[in-house]
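Below is one structure, written out as structure tokens; comments come after it.
In this text, all values refer to a predicted model and were calculated from it rather than measured experimentally. The sequence lines fix the lettering, A, B, ..., with proteins before strands; numbering per chain opens at 1.
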Amino acid sequence: MDEKYFAQKIERKWQQRWNETGAFKVSKEDSKQKFYCLEMLPYPSGRLHMGHVRNYSIGDAISWYKRLKGFNVIHPIGWDSFGQPAEQAAIKQGVNPRDWTEDNIDQMRKQLQALGIGYDWSREVAAHRPDYYKFDQWFFLKMLEMGLAYRKDSEVNWCPKCETTLSNEQASGGACWRCGFQVEKSTRPQWFLKITEYAEQLLSDMDEIEEGWPENVLTMQRNWIGRSDGARVRFAVGGSDSSIEVFTTRIDTIYGANAIVVAPNHPIVFEFEDGLSEDIKAKIEEIRAEQALPVDYGVEVEKSGVDTGKTAINPFSGEELPIWVGNYVLMSYGTGAVMSVPAHDSRDHEFAVRYGLPIKAVVKPENDDAELPFSEYGVLVDSGDFSGLASKDAKERMASLAESEGFGAASTTFRLRDWGISRQRFWGAPIPIVYCQTCGEIGVPFEDLPVELPESAPFTGVGESPLAKVPEFYETNCPRCGEAARRETDTMDTFVDSCWYYFRYLDPKNENAPFSVDEAAYWMPVDLYIGGIDHAVMHLLYTRFWTKVMRDIGLVEFHEPVTRLLTQGMVVGESFYSKERECYVTADEVEISRAASGKIEKATLRETGGPVRLAVEKMGKSKLNGVDPDDMIAKYGSDAVRLFVMFAAPVENELVWQESGIEGAVRFLQRVWRFVFKWRDAVADSSADSSVEESAASRKLRQKTHQTIRKISESFENGQFNTPVASLMELSNAMHDFGVEPESATDSELFAVKESIKSLLLLMAPYAPHTSEELWAEVTGTDGILASGARYPEFDPEIAKDDEIEIPVQVNGKLRSRIYAAPGTDNSELERLALADEKIGEYTEGKEIRVIVVPNRLVNIVVKG
RNA sequence: GCCGGAGUGGCGAAAUUGGUAUACGCACCAGACUCAAAAUCUGGCGGGCUUUGCGCCCAUGACGGUUCGAGUCCGUCCUCCGGCACCA
């Protein structure tokens with residue numbers, strides 16, 4: 001073999017070999033402990049980006065580690081291949097979405113293979129293939145049976161110009177993303193999944209995953225589910241049999257209510273409407289229109305409303321309260337009606353001030369008056385029989401009074417809404433429903449699945465779903481009565497596909513069920529899931545929901561699908577903005593001058609010297625700061641790219657791509673390469689074992705080797721993947737500083753070198769598998785690490801032990817000297833050594849002292865006076 | 001506004017979970033090798049003082065506190081990042 005490190009050559013060689021031998025193929029083996037390492041499946045855009053590289057490098061490193069530790073590691077990949085971009089490509093370029101998607105998958109698969117990620121490719125799945133989405137439909141029908149899928153009228157964003165529905169993102173700011181036209185909300189029947197039925201479980205089961213999931217993700221989910229405990233209270237409408245129910249978390253403030261405020265679409269408003277004056281009706285319409293606009297985030301809307309002239313009776317005080325329609329009350333939360341308590345709620349306060357409504361304080365802080373609105377707990381005043389009670393007690397008593405009197409009860413409300421899955425799109429799993437004139441909505445029988453997408457459809461980008469323009473698709477017969485009927489032409493949200501894909505990996509060819517119960521029982525739950533924080537709520541909440549449904553169907557026995565979640569930070573790039581040209585420029589066009597310290601003093605444009613602003617931003621075409629993984633692999637090799645990505649930052653941090661950093665990774669690999677080749681022959685000829693007498697050099701090297709093994713194992717178990725690289729570099733440096741030449745090495749030295757090399761290669765394999773495999777083959781004369789069945793090295797605590805450790809000696813907490821002692825030296829001896837120290841003597845002489853000794857750690861001498 | 005998280009050299013970051021702050025890498029400086037460059041190797045690299053004694057002082061966003069001892073724990077504040085946002 002060539003003694004020069006040529007990454008691309010060995011990488012291709014090992015990728016080919018892994019592929020031929022099926023190195024990463026696994027199957028269920030009950031005798032072996034399993035480890036499921038999962039990365040979020042990519043959308044097949046056609047190009048891998050650095051974020052993917054980071055994601056998969058992390059996953060592969062952990063897979064390698066666990067595999068070398070003897071686990072049966074499953075490490076699969078697939079494609080989230082339904083979704084908008086394919087349909088856009090069809091509209092713009094006239095290509096078939098299927099062909100476009102398959103081509104992209106082929107390209108990206110090649111890229112992943114060039115990175116050398118160890119996937120079990122035999123388990124690959126893709127959402128757009130009928131054998132996969134058949135089971136999206138299967139699950140939908142199951143949920144229909146269970147009453148978890150239902151159809152109701154719901155609002156969608158609608159662009160009247162493009163005649164199409166838009167997602168919230170596409171309608172951001174109230175304008176169509178394509179034509180800029182004002183977006184409307186229109187109502188149409190859509191399919192929903194009852195995730196709200198599982199709200200309480202989704203919340204309480206978080207206890208099970210608390211240890212393994214990042215705090216911020218759990219918090220985000222908790223907020224999203226938004227449990228809020230309060231009470232419902234019914235207010236009778238004056239001069240009518242009707243009533244209005246409000247939800248409140250502060251029933252204790254009810255004596256301070258000055259009005260009932262309802263959403264403009266509240267049923268009571270429609271009941272009143274005929275009797276209302278034109279002015280009032282017009283104002284209500286205005287509020288309806290305002291609420292129908294997509295929410296413009298970050299803009300605070302001024303509260304407004306109108307008095308309907310009707311009144312309601314406060315069941316506690318008997319007071320008559322005006323009924324208002326308010327723009328700040330939403331029909332979609334709680335009961336769509338609130339009791340307005342301006343003294344104790346900031347929104348009600350704002351509303352009352354604007355319209356001059358009375359403000360009556362009924363809760364006071366323990367001592368002192370508070371400024372209104374005062375929304376904390378306190379003691380009730382002016383609240384009838386409840387005056388004098390603390391808020392907490394009052395809440396309980398008032399709720400139970402309401403219940404016994406029949407006008408209310410304690411109640412819990414969630415913010416979580418049911419999941420609308422209907423999309424007026426082509427490139428998604430068809431919703432398996434048939435609409436029959438006589439029988440109504442009928443689920444397609446299981447045996448008729450999949451409901452396949454047609455080969456193609458008119459992709460115009462306007463009007464309804466393209467499927468609604470394909471009669472061969474929608475014209476069908478009712479599965480029940482056989483009469484002519486029409487198929488549902490909406491497809492499912494792509495988030496459905498990603499809810500259960502990692503169960504399908506376990507049994508990807510199964511035609512009769514989404515997956516085998518046995519396979520899932522062995523492999524699940526996922527031991528480690530790695531992906532972007534952007535999926536903290538949507539995907540990760542949906543998939544938790546799906547798992548609970550699967551449990552209720554009887555497919556699995558656990559509640560939570562993912563034991564540990566790792567959210568990786570973004571990969572960002574340095575961008576250069578020229579003020580003169582008013583555009584981004586490439587790094588090559590920029591001249592950076594540094595001060596002696598290395599600090600950047602100024603950045604200027606090469607040709608004109610004009611100033612350039614440096615920024616670290618998300619990579620993007622327009623910013624000219626994107627980095628193409630293929631280019632990097634071609635230039636430095638995949639091992640170097642992966643090593644750098646792992647080393648540059650802790651996984652959850654943002655990672656700034658810097659080419660000089662990757663050069664450091666290459667340098668390290670080359671250093672290892674050179675060292676191994678320098679010693680290869682000497683080491684290969686030696687048969688020395690550890691029993692021979694050690695020299696000082698070999699003792700030191702063995703110690704470092706074993707310490708490194710210990711340290712890296714600990715880091716991996718703690719979920720730290722950047723510091724092991726530093727440890728590898730330290731070991732490599734120690735090898736480099738060994739100070740003995742192969743020609744003159746003794747047996748013990750050869751043994752120590754061989755041990756250090758073999759350990760280093762195994763420890764390095766998770767980061768730079770190709771190089772490790774190649775060098776392992778060179779040193780051991782085998783076919784590489786995987787083929788030789790090598791295991792992760794074990795450390796020997798005896799060898800790793802320091803002969804002598806440095807123990808700092810402090811005086812009053814300040815470092816003054818150091819002493820040296822064997823580890824485990826007892827406290828009195830350490831104290832004696834410290835006090836005998838010359839420098840310490842200067843501080844302690846003739847003083848009253850107290851000595852604190854921390855074994856193996858330090859000695860602190862407290863000198864009084 | 002509410003809820004989270006984070007502030008350590010010129011930069012990315014370490015710190016055995018309360019025990020020698022700045023490991024490892026990048027950048028930078030100096031030297032060796034070289035006709036030269038690259039590569040490689042050697043040394044230096046938080047700031048200040050310095051009688052050059054590896055000696056002292058100051059440094060982990062700021063100010064307090066607890067402790068023999070605080071980057072780490074507690075309190076107050078400042079800054080930045082992320083999420084949610086009229087949620088009753």
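The phosphate of B:G25 (OP1 or OP2) has a side-chain N or O of A:Asn733 nearer than 4.0 angstrom. Between A:Arg818 and the phosphate of B:U20, there is no side-chain N or O to OP1/OP2 separation shorter than 4.0 Å. Remark: A:Gln720 is in phosphate contact with B:A15, judged by side-chain N or O atoms under 4.0 Å from OP1 or OP2. Note on A:Arg667: every side-chain N or O is 4.0 Å or more away from OP1 and OP2 of B:A39.
When heavy atoms are screened at a 4.0 angstrom cut-off, A:Val656 is found touching no nucleic acid atom at all.
Following rounding to the nearest Å, A:Gln658 (CD) and B:C11 (P) show an atom-to-atom distance of 11 Å. Atom C1' of nucleotide B:G82 and atom CG of A:Asn216 are separated by 8 Å, given to the nearest angstrom. The nearest whole Å value for the distance from the CG atom in A:Asp348 to the C1' atom in B:G1 is 15 Å. Computed from coordinates, the A:Met646 CE to B:C26 C1' distance equals 19 Å when rounded to whole Å. We find that CZ of A:Arg857 is positioned 8 Å from P of B:U20, with the value rounded to whole Å.
The side chain of A:Thr723 has B:A14 as its nearest neighbour among B:G19, B:A14, B:U40. Comparing B:U40, B:G69, B:G25 by their nearest atom to the side chain of A:Asn860 picks out B:G69. The listed nucleotides are B:C86, B:U40, B:A88; the one nearest the side chain of A:Phe247 is B:A88. When each of B:C68, B:G83, B:G19 is scored by its nearest atom to the side-chain atoms of A:Met220, the top-ranked nucleotide is B:G83. Here the side chain of A:Phe647 is nearest to one of B:U42, B:G25, B:A13, namely B:G25. Listed nucleotides: B:A14, B:C84, B:C26. Nearest to the side chain of A:Trp224: B:C84. Distance from the side chain of A:Asn722 is smallest to B:A13 among B:C84, B:C3, B:A13. Looking at the side chain of A:Leu330, the nearest of the listed nucleotides B:C56, B:A88, B:G12 is B:A88. Side chain of A:Lys303, nearest nucleotide from B:G83, B:C26, B:C86: B:C86. Considering only the side chain of A:Glu806, B:U20 comes nearest among B:A88, B:A15, B:U20.
In this structure, A:His539 and A:His535 have perpendicular ring planes: the angle between them is above 60°, well past the 30° mark. Between A:Phe407 and A:Phe316, the angle of the ring planes goes over 60°, which puts this pair in the perpendicular group of the 30/60° scheme.
Residues A:Arg671 and A:Ile533 both approach RNA chain B. Their nearest nucleotides, taken by heavy-atom distance, put A:Arg671 toward the 5′ side. Comparing A:Ser660 and A:Arg417 against RNA chain B, the residue whose closest nucleotide sits nearer the 5' end is A:Ser660.
Judged by distance alone, with hydrogens and angles left aside, A:Arg674 brings no side-chain donor or acceptor close enough to the base of B:U40 to form a pair under 3.5 Å.
Remark: the separation of the C1' atoms in B:A21 and B:G46 is 11 Å, to the nearest Å.
Centroid-to-centroid, the aromatic rings of A:Trp419 and A:Phe495 stay 6.0 Å apart or farther.
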